[in-house]
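A short write-up of the structure that comes next.
Predicted model, so just to flag it, every value in this text is computed and none were measured.
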Amino acid sequence: PSGLAVPCLRDAHRKSVEEIAADVARLRRLAIDRRLSRDDAEGGTITLSNIGSVGLVSGLGIIQPNQTALVTVGKAVDGAMHVSVSADHRLVDGLTLAEFLAAFRQSVTNPGEG
(Lines give C-alpha, C1' and ligand atoms only; values in the text may rest on other atoms or scores of the structure.)
Protein backbone atom coordinates (compact mmCIF):
# COMPACT_ATOMS: atom_id res chain seq x y z
CA PRO A 1 0.00 0.00 0.00
CA SER A 2 1.28 3.44 -0.90
CA GLY A 3 -0.89 5.57 1.38
CA LEU A 4 -2.35 8.97 0.75
CA ALA A 5 -0.38 11.57 -1.20
CA VAL A 6 -1.49 15.17 -0.83
CA PRO A 7 0.59 17.39 -3.10
CA CYS A 8 0.48 21.16 -2.74
CA LEU A 9 -0.98 23.20 -5.57
CA ARG A 10 0.79 26.54 -5.14
CA ASP A 11 -0.71 29.97 -5.85
CA ALA A 12 -3.99 28.56 -7.18
CA HIS A 13 -5.70 31.90 -6.55
CA ARG A 14 -3.44 33.50 -9.16
CA LYS A 15 -3.86 30.83 -11.85
CA SER A 16 -6.33 30.19 -14.62
CA VAL A 17 -8.37 26.99 -14.68
CA GLU A 18 -6.10 25.73 -17.47
CA GLU A 19 -2.95 26.38 -15.41
CA ILE A 20 -4.47 24.64 -12.39
CA ALA A 21 -5.45 21.64 -14.54
CA ALA A 22 -1.89 21.40 -15.88
CA ASP A 23 -0.42 21.57 -12.36
CA VAL A 24 -2.87 18.93 -11.10
CA ALA A 25 -1.98 16.62 -13.99
CA ARG A 26 1.75 17.05 -13.30
CA LEU A 27 1.39 16.46 -9.56
CA ARG A 28 -0.91 13.49 -10.13
CA ARG A 29 1.65 11.86 -12.40
CA LEU A 30 4.43 12.46 -9.85
CA ALA A 31 2.26 10.95 -7.08
CA ILE A 32 1.38 7.88 -9.16
CA ASP A 33 5.05 7.39 -9.99
CA ARG A 34 5.96 7.95 -6.31
CA ARG A 35 8.25 10.81 -7.27
CA LEU A 36 6.73 13.68 -5.29
CA SER A 37 9.43 15.75 -3.64
CA ARG A 38 9.13 17.11 -0.11
CA ASP A 39 8.56 20.54 -1.66
CA ASP A 40 5.67 19.12 -3.74
CA ALA A 41 3.92 17.93 -0.58
CA GLU A 42 4.61 20.67 1.98
CA GLY A 43 3.21 24.14 2.52
CA GLY A 44 -0.48 23.57 1.86
CA THR A 45 -3.18 25.32 3.86
CA ILE A 46 -6.38 23.61 2.65
CA THR A 47 -6.87 20.15 1.16
CA LEU A 48 -9.60 19.60 -1.41
CA SER A 49 -10.85 16.00 -1.51
CA ASN A 50 -13.08 14.86 -4.37
CA ILE A 51 -14.81 11.79 -2.97
CA GLY A 52 -17.49 12.14 -5.63
CA SER A 53 -15.02 10.70 -8.13
CA VAL A 54 -15.44 7.32 -6.43
CA GLY A 55 -19.22 7.60 -6.14
CA LEU A 56 -19.52 8.89 -2.56
CA VAL A 57 -22.06 11.61 -1.81
CA SER A 58 -20.67 12.89 1.48
CA GLY A 59 -18.00 12.31 4.05
CA LEU A 60 -15.67 13.95 6.53
CA GLY A 61 -11.94 13.58 6.67
CA ILE A 62 -8.99 14.37 8.88
CA ILE A 63 -7.08 17.60 8.33
CA GLN A 64 -3.50 17.12 7.18
CA PRO A 65 -0.83 18.12 9.73
CA ASN A 66 0.06 21.83 9.55
CA GLN A 67 -3.01 22.65 7.46
CA THR A 68 -6.09 24.69 8.32
CA ALA A 69 -8.96 22.82 6.69
CA LEU A 70 -10.20 19.96 4.53
CA VAL A 71 -12.94 20.61 1.96
CA THR A 72 -14.73 17.43 0.85
CA VAL A 73 -16.76 17.45 -2.37
CA GLY A 74 -19.20 14.60 -2.95
CA LYS A 75 -21.02 13.22 -5.97
CA ALA A 76 -23.85 15.39 -7.30
CA VAL A 77 -27.29 13.88 -6.71
CA ASP A 78 -30.43 15.38 -8.28
CA GLY A 79 -28.44 18.46 -9.28
CA ALA A 80 -27.08 19.10 -5.78
CA MET A 81 -23.47 18.68 -4.74
CA HIS A 82 -22.61 17.96 -1.10
CA VAL A 83 -19.65 19.97 0.23
CA SER A 84 -18.36 19.78 3.78
CA VAL A 85 -15.50 21.44 5.64
CA SER A 86 -13.44 20.16 8.54
CA ALA A 87 -11.28 22.83 10.13
CA ASP A 88 -8.90 23.55 12.96
CA HIS A 89 -10.90 26.02 15.03
CA ARG A 90 -7.73 27.24 16.69
CA LEU A 91 -6.93 28.83 13.31
CA VAL A 92 -10.30 29.67 11.75
CA ASP A 93 -13.77 30.30 13.18
CA GLY A 94 -17.14 29.01 12.06
CA LEU A 95 -18.30 32.29 10.52
CA THR A 96 -15.23 32.40 8.28
CA LEU A 97 -15.91 28.81 7.20
CA ALA A 98 -19.55 29.61 6.43
CA GLU A 99 -18.46 32.62 4.35
CA PHE A 100 -15.95 30.41 2.53
CA LEU A 101 -18.67 27.85 1.72
CA ALA A 102 -20.99 30.61 0.48
CA ALA A 103 -18.23 31.96 -1.80
CA PHE A 104 -17.45 28.41 -2.97
CA ARG A 105 -21.11 27.84 -3.81
CA GLN A 106 -21.27 31.14 -5.69
CA SER A 107 -18.17 30.29 -7.73
CA VAL A 108 -19.50 26.83 -8.61
CA THR A 109 -23.05 27.86 -9.44
CA ASN A 110 -22.15 31.13 -11.20
CA PRO A 111 -18.57 30.91 -12.48
CA GLY A 112 -17.12 34.23 -13.55
CA GLU A 113 -19.42 36.30 -11.35
CA GLY A 114 -18.56 38.02 -8.10
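- Hydrophobic clustering of Ile, Leu, Val, Met, Phe, Trp and Tyr side chains at less than 4.5 Å, counting indirect connections, unites Ile46 with Leu48.
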Indicate every side-chain donor-acceptor pair of residues 14-28 with a distance under 3.5 Å to a residue at least two apart or in another chain.
residue	atom	partner	partner atom	Å
Arg14	NH1	Asp11	OD1	3.3
Lys15	NZ	Arg10	O	3.0
Lys15	NZ	Asp23	OD2	2.3
Ser16	OG	Glu18	N	3.4
Ser16	OG	Glu18	OE1	3.4
Ser16	OG	Glu19	N	3.1
Ser16	OG	Glu19	OE1	3.4
Glu19	OE1	Ser16	N	2.8

Using distance only, find each side-chain donor-acceptor pair of residues 77-93 under 3.5 Å and give its atom names and separation, not counting sequence neighbours.
residue	atom	partner	partner atom	Å
Ser84	OG	Gly59	O	3.0
Asp88	OD1	Arg90	N	2.9
Asp88	OD1	Arg90	NE	2.9
Asp88	OD2	Arg90	NE	3.3
Asp88	OD2	Arg90	NH2	2.7
His89	ND1	Val92	O	3.4
Asp93	OD1	Leu95	N	3.2
Asp93	OD1	Thr96	N	2.8
Asp93	OD1	Thr96	OG1	2.9

Table please: side-chain donor-acceptor pairs of residues 66-73 below 3.5 Å, with sequence neighbours left out.
residue	atom	partner	partner atom	Å
Gln67	OE1	Thr47	N	3.2
Gln67	OE1	Thr47	OG1	2.6

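- For Arg105, the salt bridge (charged side-chain N to carboxylate O under 4.0 Å, His left out) test picks out no residue, with sequence neighbours left out.
- Clustering of Ile, Leu, Val, Met, Phe, Trp and Tyr by side-chain heavy atoms under 4.5 Å joins Leu56 with Ile51, Val54.
- Both Phe104 and Leu97 are part of a single hydrophobic cluster, where members link through side-chain heavy atoms under 4.5 Å apart.
- Under the salt bridge (charged side-chain N to carboxylate O under 4.0 Å, His left out) criterion, Glu99 pairs with no residue at all, not counting sequence neighbours.
- Among residues two or more places apart in sequence or in another chain, the side chain to side chain contact (heavy atoms under 4.5 Å, CB included) test is passed with Ser37 by Asp39, Asp40.
- Arg35 pairs by the side chain to side chain contact (heavy atoms under 4.5 Å, CB included) definition with Leu30, Asp33, not counting sequence neighbours.
- The distance from the SG atom of Cys8 to the CG atom of Leu36 is 11.0 Å, given to the nearest 0.5 Å.
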